[in-house]
Protein chains: 2
Amino acid sequence: MGKQLRHHFGGGDLRAGRRKKGSFYYFFKSKSELTAAALEAEWNKNKANMDALFSPTVPPLERFDRYFDYVHDHLAELQEKCGSILGCPMLSIGSEVSTQDQGVRATVERIWDRKIKYFESAIRDAHAQGLIVAPDPQAKARALFACYHGTLAQARIQNDVELLRDFKQAAMDVLGVKHEHAASS
Amino acid sequence: MGKQLRHHFGGGDLRAGRRKKGSFYYFFKSKSELTAAALEAEWNKNKANMDALFSPTVPPLERFDRYFDYVHDHLAELQEKCGSILGCPMLSIGSEVSTQDQGVRATVERIWDRKIKYFESAIRDAHAQGLIVAPDPQAKARALFACYHGTLAQARIQNDVELLRDFKQAAMDVLGVKHEHAASS
DNA sequence: ACCAGTCTTGACTGATCAGTCAACTATTAT
DNA sequence: ATAATAGTTGACTGATCAGTCAAGACTGGT
């Protein structure tokens with residue numbers, strides 16, 4: 001019904017950055033599908049890095065140490081660029097939409113399970129070497145993961161990366177590191 | 001400009017539950033002010049309960065035990081009523097708006113500081129009694145608090161209260177409880 | 001040249017959101 | 001009784017949101 005008559009109006013109702021969103025729906029059928037795809041893409045981008053940080057060639061407790069350092073540095077860098085701490089995107093997104101968007105929720109859970117596996121095998125290795133006491137590596141991994149995410153959330157809300165520095169000690173406590181084996185940072 | 005002529009239209013643009021929001025702004029000048037007020041009100045409602053749970057008459061490690069039990073039971077109850085875990089409202093709200101709404105952010109931080117004081121004094125008492133080693137009770141309290149919130153967030157996203165049950169062990173590890181003093185739940 | 005498939009465009013819909021407002025009603029003090 | 005004060009109402013604004021759509025542009029194959 002005469003849409004061709006309207007092209008000469010300046011696009012008054014959409015601002016500059018918004019004009020091209022039409023083709024978005026050619027690739028994603030919904031916003032929530034994009035969210036899930038973005039989280040998966042993020043994971044793929046980081047996987048090689050995680051593999052390196054948690055390489056079996058690194059002493060198990062040092063893996064955590066390096067990982068926590070890496071995340072700290074990464075978030076500190078982002079903080080400089082954009083003024084505020086981003087925290088863990090999956091936690092932020094997850095706690096916002098998990099009750100309304102099952103697709104995104106399932107994606108977050110799936111990726112978390114994969115991340116926890118790194119923790120789990122490092123814990124198992126540490127236990128095997130007698131560095132810690134962890135008869136149930138999976139439970140310990142989940143607990144440590146939850147603690148870490150709590151710290152990330154706090155750091156985000158208080159906009160203070162230094163909370164992540166303090167976490168290393170708590171992590172060693174959660175792991176049950178015997179004092180004489182503590183990895184120095 | 002003739003608003004009195006419009007009263008005979010059925011309120012077409014507002015649905016039933018929405019009709020009376022006009023007077024809201026008589027009491028609050030913005031939505032964010034309501035949010036902050038609601039969080040403060042929640043705190044006031046719970047304060048007496050916190051005081052009882054963390055009463056100095058209770059052995060220090062048992063305070064945590066009772067507190068974690070209380071939160072678990074409370075969330076389990078709410079889950080039955082509304083189908084999904086609510087987690088900690090301050091964490092959910094905080095991680096959603098903390099970068100955009102300084103008023104709410106400050107309120108969350110303020111209330112958290114108050115809550116952390118309960119943890120801190122329990123930790124100090126436990127340390128004094130030789131139950132744990134905690135030379136810096138405030139740091140330990142903050143670490144435990146962060147870990148707990150991480151677990152709450154996970155529980156919410158995975159919609160599973162049982163994660164809170166498992167937290168007790170992690171809490172004892174974070175606290176550095178000497179084995180022979182562990183409080184039984 | 002022309003056709004089919006791939007991709008882009010921006011105006012459009014309809015819903016919802018935070019917030020405003022002038023007119024109205026209820027309460028209270030005098 | 002009356003006047004001031006406190007509180008209520010719902011239509012209204014303007015912004016933004018997720019999502020649709022018909023029209024067109026770009027591509028490679030024949």
Side-chain angles (χ1 to χ4, degrees), chain A residues 1-42 44 82-84 86-87 89-108 156-157, chain B residues 1-42 44 82-84 86-87 89-109 157:
Chain A
M1 35 165 73
K3 262 152 203 155
Q4 67 278 20
L5 293 178
R6 286 177 230 202
H7 68 83
H8 51 83
F9 293 166
D13 64 336
L14 287 172
R15 291 179 325 203
R18 292 278 182 90
R19 299 249 179 121
K20 316 199 168 169
K21 89 188 151 113
S23 66
F24 167 82
Y25 288 93
Y26 184 77
F27 299 98
F28 300 96
K29 47 185 271 222
S30 71
K31 186 193 172 191
S32 119
E33 205 174 76
L34 185 253
T35 307
L39 293 175
E40 282 285 355
E42 245 266 317
N44 286 327
C82 69
S84 56
L86 273 356
M90 284 185 290
L91 190 124
S92 309
I93 293 171
S95 58
E96 195 184 326
V97 308
S98 71
T99 58
Q100 303 151 42
D101 186 329
Q102 289 309 308
V104 170
R105 214 209 66 172
T107 304
V108 168
R156 177 169 144 87
I157 291 172
Chain B
M1 38 163 70
K3 263 153 202 152
Q4 69 277 19
L5 294 178
R6 288 177 230 203
H7 67 82
H8 50 83
F9 292 164
D13 66 336
L14 289 172
R15 292 179 324 201
R18 292 275 182 92
R19 299 250 180 122
K20 315 200 168 167
K21 89 186 151 115
S23 66
F24 166 82
Y25 288 93
Y26 185 78
F27 298 99
F28 300 96
K29 48 185 270 223
S30 69
K31 186 193 171 191
S32 118
E33 205 174 76
L34 185 252
T35 307
L39 292 175
E40 281 287 355
E42 244 266 317
N44 286 329
C82 67
S84 56
L86 272 357
M90 286 185 289
L91 189 123
S92 309
I93 294 170
S95 56
E96 195 182 328
V97 307
S98 71
T99 58
Q100 303 151 44
D101 186 330
Q102 289 309 309
V104 170
R105 216 210 65 171
T107 305
V108 168
E109 235 177 297
I157 291 172

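Labels below follow one simple rule: chain letters A, B, ... track the order of the sequence lines, proteins then strands, and each chain is numbered from 1.
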May I have the distance from A:Tyr26 (atom OH) to C:dT8 (atom P), rounded to whole angstrom?
8 Å
Nearest-nucleotide 5' precedence on DNA chain C, B:Phe24 against A:Ser23:
A:Ser23
What are the two closest non-hydrogen atoms of B:Ala36 and B:Val104, and how far apart are they?
N-CG2, 4.5 Å
Atom CZ of B:Phe28 and atom C1' of D:dT8 are separated, to the nearest Å, by 16 Å
On a heavy-atom basis, which atom in A:Arg105 and which in B:Ile157 lie closest, and how many Å separate them?
CD-O, 3.1 Å
CG of B:Leu34 versus P of C:dA18: gap in Å, rounded?
10 Å
Measure NZ/A:Lys31 against P/D:dT20 and give the value in whole Å, please.
14 Å
If I take atom CD in residue B:Gln100 and atom P in nucleotide D:dT16, what distance separates them, rounded to the nearest angstrom?
13 Å
With a 4.0 Å cut-off on heavy atoms, is B:Phe27 in touch with a base, just the backbone sugar-phosphate, or nothing at all?
sugar-phosphate
Got a second to check how far A:Arg156's CZ is from A:Leu86's CG, nearest 0.5 Å?
6.5 Å
Could you work out which one of C:dT20, D:dG19, D:dT8 sits closest to the side chain of B:Tyr25?
C:dT20
Under 3.5 Å, is there a donor-acceptor pair between the side chain of A:Ser30 and the main chain of A:Glu33?
yes
